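All remarks here apply to the structure that follows.
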Amino acid sequence: MTALRVVDLEAGYEPGLPIVRGTSLAVEPNEIVAVLGPNGAGKSTLIKAIAGLVPVSAGKVLLHDRDITGRAAHHLAHEGLGFVPQTENVFVNLSIEDNLDLAASILKVPKKQRLRDLYDLFPDLARQRRLLAGRLSGGQRQMLAVARALVGEPKVLMLDEPSAGLSPKLVGIVFEKLLDVRATGVTIVLVEQNVKAALAIADRGAVLVEGSTRIVGTARDLAGDPQVAALYLGQHRGGS
Amino acid sequence: MLQLVADGFIIGSVIALGAIGVTLVYSILRFANFAHGELLTWGAYLAWTALIGIVAVWGPAEPLGPFSFGWPLLVALAVSAVATAALALLVDRLLFRQLRRHGNAITLIMASFGAALVLRNLLQFIYGAVPEYYSREIQVAIRLVPRDVLGGLRITPDQLFVLGLTAVSVVGLHIFLTRTTVGKAMRATSVNPQLARVTGIDVDRVIRATWIIGAVLAAVAGVFSGLTVQLRPQLGLDLLLPLFAAAILGGIGSVYGAVVGGLIVGLAESLSVPLVGAEYRAATAFVVLIAILLIRPTGLFGERT
Amino acid sequence: MPDLIGLLSYGTFFLVFATIFALVVLGLNLQWGFTGLFNVGVAGFVAIGAYTSALITAPDYPDQLGGLGLPIPLGWLGAMATSGIAAFIIGVAALRLRHDYLAIATFGVAVTLQLVALNAKGLTGGPFGLQFIPKPFAEVIDDNLAWNVTYLAVAAALLGLSYVALERLVRSPWGRVLRAIREDETAAESLGKRAFRFRLQAFVIGCMLMGLGGALYAHFVGYIAPEDFLPILTFQLWTMLIVGGSGNNRGAILGAFVVWALWTLSGNALREIVPSEYQARAATLQVVLIGLLLMLILLLRPRGLLGEETVVSRHMRDEAADTAEE
């Protein structure tokens, strides 16, 4: 059984203009997989399409061998898929507690126990549970976003650039926390620009170029792969 | 002076209840609904129909205590609230939902403008243009403050009823939004629809809840307007600008802002009468609107743009 | 044999109205079709033009301001100027904000002007409005039909002139910027203050055309009253634009003629069918019918009869995709 399998996926915002063009990916249970690639490669669109936020025009998505292709985002949350968007990933007008509490009510999980478990995992959040989420600092906000996505005890947790906007030190703390999350049995897929930080915690990585998977390998192999480095170098040159 | 303030609060109550609907629809569905005023009109007239039906079946009832109306009006109000909610859901299903799928917010405004005309003219076709009343009982106004204190204050029991039920509605809505899952889901969806979806919130359900709440409050506001003034097919159209002004003044998307905004616009209308004359009363809302757009477009309680 | 003269007279009458509407719809198209500005107070800006021109050109009104008795072209220019100034004030207040705010503010303009028209008797003549608005060439042309035809020629010439001018404008770099602003909020934001200025220019020019339309109407009919400028007028004009196809000047003109024909025909039909005592009530059904037509077009053929000609370039879509990706 694979935790998440993507087969020849095609997806995009406008019909006839796919941004993800034939991507395939298989994620084993309890694995951490980093999806890498130059800017505009379609990484973000890929996980949004998996999460049901971007229309899929071809291909398949399987969650624990169940076909979830094209299902609405809110159904997927109930099916055990957690998603942490890159920005605006907490409800700023609700308190920390209400962010988690709302998710628990919606997903119909035993509230008290689940929140206690999450507060154990994220003690910083427990200390200020009445604080409005909009008042949180970047790092804490990211922690709350992860905690919120974990409320429904998802089988697979997907994160869109969790390092974005964080200082290197905070990136370290957040990524450490992802290892703790994995230790609770969750499978993790993260899209990252920060290749070094991502490969440091990932088991495997997949490099996306122009909407399709170009290279797949273990994190160690990818970290030393000159081709991967070249892709990013090329991008930096083109981008400047 | 006191009298003007009291009058302002009464008209302000009607505006506040209507403005809550405008602001809720704006924050969840993201468009300025020009048809919202018609929900007030329909609410008022549907209650009138229900009232006639009730009286036809059970016969006329004695007025309740000092009020001009008996229990049938309260039942009629409940019936109308349900029917107005059904009407709002129907319009959403036939029109707005279809446009949401592929249109943008501005097509929705356009459609709501069209829906307003259709609803208003349909109502006028059914009920005619002659003003109606819920009750022709004459009410004795109660003197609360003697004439030598700030000009005195007289108020009818019906007006007190309006103020009281408005307060109850606002408190009820507050509890709903802060304590219930649907209420919290609405607040969550209003700031971040995409995150709401990935959290597992069925946004279609939230939208239905929004229409129901907006329409119920609109029905209440419409009945209040009919009770304290009269029933006219233009009732909602004339209130539309004050509703928008109140919602923007309070900070569009903010429910409490809409309430405060409604009361302020009501007061401004009432206090402007001695200055500019009753005929320009309705223009006060426009002045408030332009002033707030120029000075603080996010409104009193609005943080988001 | 039917009364040919009567028929011709009716035909020119119909065409003059349609032409005036088409002129106003061109202004609306510049605002909405090309710039994405949502004006819900069209009737208000038309009213400003009509009243201004009447006050400038009519003979001295007793008991009230205005009636300067100046030449008609001055009245028309004045109409455009006052509508433009009103648009400028509203634009400054609302155009920097979300598009909904412009809709609400312009709606407020229409409501407030309606109140002014009804109540400011010293300026607008109150509910009875203004009369004795001079008809151009009336002293030279006696014959009613001939005068109608002449006026049609003048209106058509102004419509043609506006059409040519607008076509050149929207194809100029200025017009391309407008469309870019409409298509892409991010592009608009990157233009910052300049985007606001472009919007304001389009809004003011559009409203000036509406004012001119109002003036043409006033001088054709000869009298105006507040009830000529109710929200239903705004609604009719919008329906014309949506039916014809917004973003297309020929569509705007076509829409004006088609919808005005439908409106006139349905009105006539109702008058024929419905007994006179029910006509006021039946008139409301006419609005319902046109409202349903608008909604059906929005739902089934949102691009109208003639859609927008220029397709968004591939390049721009790619850019949009990139923005979404980040």
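None of the values given here were measured: they were computed from a predicted structure. A note on names: the letters A, B, ... follow the listed sequences, proteins ahead of strands, and every chain is numbered from 1.
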Side-chain heavy atoms of [X] within contact of [Y], under 4.5 Å:
X	Y	result
B:F286	C:V111	no
B:L289	C:Y101	no
C:F38	B:I109	yes
C:L298	B:Q98	no
B:M110	C:L294	yes

- Task: Please work out whether the ring planes of C:F235 and B:F113 are parallel, tilted or perpendicular, with thresholds of 30° and 60°.
- Result: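 Ring orientation of C:F235 relative to B:F113: tilted.
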- Steps toward side chain to side chain donor-acceptor pair (under 3.5 Å) verdict (C:D100, B:Y26): CA-CA 10 Å; C:D100 312 73; B:Y26 191 97; 3.1 Å; yes
Interchain contact, [X] with chain C, by part (heavy-atom threshold 4.5 Å):
X	value
B:A115	both
B:L119	neither
B:F96	neither

Please report the interatomic distance [atom1]([X]) to [atom2]([Y]), rounded to the nearest 0.5 Å.
X	Y	atom1	atom2	result
C:L115	B:Y280	CG	OH	7.5 Å
B:L241	C:F107	CG	CZ	6.0 Å
B:R97	C:L299	CZ	CG	12.0 Å

Top residue by heavy-atom pair count (under 4.5 Å) with chain B, among [options]?
options	value
C:T239, C:L118, C:V109	C:V109
C:V116, C:L292, C:T112, C:V92	C:T112
C:P231, C:G108, C:P302	C:G108

- Task: State which residue, out of C:V287, C:L289, C:I232, fulfils the side chain to side chain contact (heavy atoms under 4.5 Å, CB included) condition with B:N121.
- Result: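 Of the listed residues C:V287, C:L289, C:I232, the side chain to side chain contact (heavy atoms under 4.5 Å, CB included) partner of B:N121 is C:V287.
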- Task: Under 4.5 Å heavy-atom distance to chain B, tell me which part of C:I290 shows up: side chain, backbone, both or neither.
- Result: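 Interface part for C:I290: neither.
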- Task: Between chain C and each of B:L237, B:I290, B:L117, count heavy-atom pairs under 4.5 Å; write down the option with the most.
- Result: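 So the answer, after comparing B:L237, B:I290, B:L117, is B:L117.
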